[in-house]
Amino acid sequence: DTEVTQTPKHLVMGMTNKKSLKCEQHMGHRAMYWYKQKAKKPPELMFVYSYEKLSINESVPSRFSPECPNSSLLNLHLHALQPEDSALYLCASSQADLLALSYNEQFFGPGTRLTVL
Amino acid sequence: SQQGEEDPQALSIQEGENATMNCSYKTSINNLQWYRQNSGRGLVHLILIRSNEREKHSGRLRVTLDTSKKSSSLLITASRAADTASYFCATPTSGGNKLTFGGGTRVLVKP
């Protein structure tokens, strides 16, 4: 299985709602990532989990809260978002070799299109 | 700030023609990667070229890397309408697990 799945595909939420985005992979990858992508822009890294531990937080506002329950799952909890947070949220995974500090190509999910009203 | 900058930003060609896009980066790297993104969908990894490689091929794709100029190019030969997509170069930084993308080149292949 070489697929990264993301649910839901689309999400519309109000600024007072709490919702979660989910990501799953069964490739045995030990690095997982959240990206945010605005229209006609490149993906911007938000968080990196390496061996289920948060290794990078790119100064993301606390209204975004990541969680990695196990090596196959990655969640992004959303609370009190702003309209400018509307974007495509992409999850990715990759092999990780901590000893060699080697991270290979990333496999991306199809994304969740988030609209904040 | 972006590690990679790409040009052109957009490219329109006829089916059967070749498409070339370039990527420049700022810091030293151990590899450079190219990804494709169809409209509104996830990215697909195309090819990874390591810093000790100068050229790499995969099907109709040819990638070059010039570490002295800190630049890379992606050539798509004999383009097809299905090649219509955005193409991004990406370089790993911060110990390798942070991938920074260039601005992308939007390619339109007209049938």
Side-chain angles (χ1 to χ4, degrees), chain A residues 2-6 9-10 23 25 27 29-51 53-59 86-115, chain B residues 1-11 21 23-25 28-53 56 58 61 63 74 85-108:
Chain A
T2 58
E3 195 179 45
V4 176
T5 59
Q6 288 187 247
K9 285 188 171 54
H10 301 273
C23 173
Q25 57 89 15
M27 294 178 277
H29 291 167
R30 302 306 294 275
M32 296 187 75
Y33 311 79
W34 280 115
Y35 290 88
K36 173 183 177 180
Q37 187 179 26
K38 297 286 243 182
K40 296 187 178 180
K41 296 290 186 183
E44 293 180 358
L45 183 66
M46 300 174 73
F47 303 104
V48 180
Y49 273 83
S50 183
Y51 289 80
K53 291 192 185 329
L54 183 64
S55 61
I56 293 180
N57 176 342
E58 290 288 279
S59 303
S86 298
L88 182 67
Y89 287 84
L90 295 163
C91 173
S93 70
S94 73
Q95 292 179 340
D97 180 345
L98 285 181
L99 289 178
L101 289 180
S102 166
Y103 293 78
N104 295 319
E105 62 268 29
Q106 294 184 14
F107 291 76
F108 282 79
T112 293
R113 175 74 60 190
L114 174 67
T115 302
Chain B
S1 63
Q2 292 175 11
Q3 162 74 322
E5 300 291 338
E6 294 180 62
D7 79 273
Q9 289 187 340
L11 186 57
M21 58 211 85
C23 168
S24 60
Y25 57 93
S28 61
I29 58 171
N30 58 30
N31 70 66
L32 185 143
Q33 301 171 33
W34 285 90
Y35 289 82
R36 182 188 74 224
Q37 184 177 35
N38 291 91
S39 180
R41 300 183 61 80
L43 281 76
V44 174
H45 178 263
L46 294 176
I47 199 162
L48 181 154
I49 185 165
R50 301 196 186 280
S51 59
N52 60 353
E53 297 175 308
K56 201 162 183 181
S58 176
L61 305 180
V63 167
L74 170 67
S86 291
Y87 293 82
F88 295 94
C89 66
T91 50
T93 55
S94 293
N97 63 347
K98 177 178 172 179
L99 203 59
T100 304
F101 288 85
T105 296
R106 293 189 304 280
V107 175
L108 172 64

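Labels below follow one simple rule: chain letters A, B, ... track the order of the sequence lines, proteins then strands, and each chain is numbered from 1.
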Non-hydrogen atoms of B:Phe101 and A:Pro42 that approach each other most closely: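 Of all heavy-atom pairs spanning B:Phe101 and A:Pro42, the closest is CB-CB, 3.8 Å.
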Greater than 12 external heavy atoms within 6.0 Å of B:Lys56's NZ: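 Atom NZ in B:Lys56 is crowded, with more than 12 foreign heavy atoms closer than 6.0 Å.
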NZ (A:Lys40) with more than 12 external heavy atoms under 6.0 Å: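 Counting neighbours around NZ of A:Lys40, 12 or fewer heavy atoms of other residues, nucleotides or ligands fall under 6.0 Å, so no.
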Separation of [Y] [atom2] from [X] [atom1] (nearest 0.5 Å):
X	Y	atom1	atom2	result
B:Arg41	A:Lys9	CZ	NZ	8.5 Å
A:Tyr35	B:Leu43	OH	CG	8.5 Å
A:Glu58	B:Lys98	CD	NZ	3.5 Å
B:Leu99	A:Leu45	CG	CG	8.5 Å

When A:Glu44, A:Lys41, A:Gln37 are compared by non-hydrogen pairs under 4.5 Å with chain B, the top option: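 Going by pairs under 4.5 Å, I would pick A:Gln37.
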Sequence-distant partners of A:Tyr89, ring pair (Phe, Tyr, Trp, His ring centres under 6.0 Å), two or more places apart: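 Here the qualifying residues are A:Phe64.
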Partner set under ring pair (Phe, Tyr, Trp, His ring centres under 6.0 Å) for B:Phe88, not counting sequence neighbours: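 If we apply the ring pair (Phe, Tyr, Trp, His ring centres under 6.0 Å) test to B:Phe88, skipping adjacent residues, there are no hits.
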Most contacts with chain A, counted as non-hydrogen pairs under 4.5 angstrom, among B:Gln9, B:Arg106, B:His45: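 Of the candidates given, the most pairs with chain A belong to B:His45.
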Portion of B:Gln37 that has a non-hydrogen atom of chain A nearer than 4.5 angstrom: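 Side chain only.
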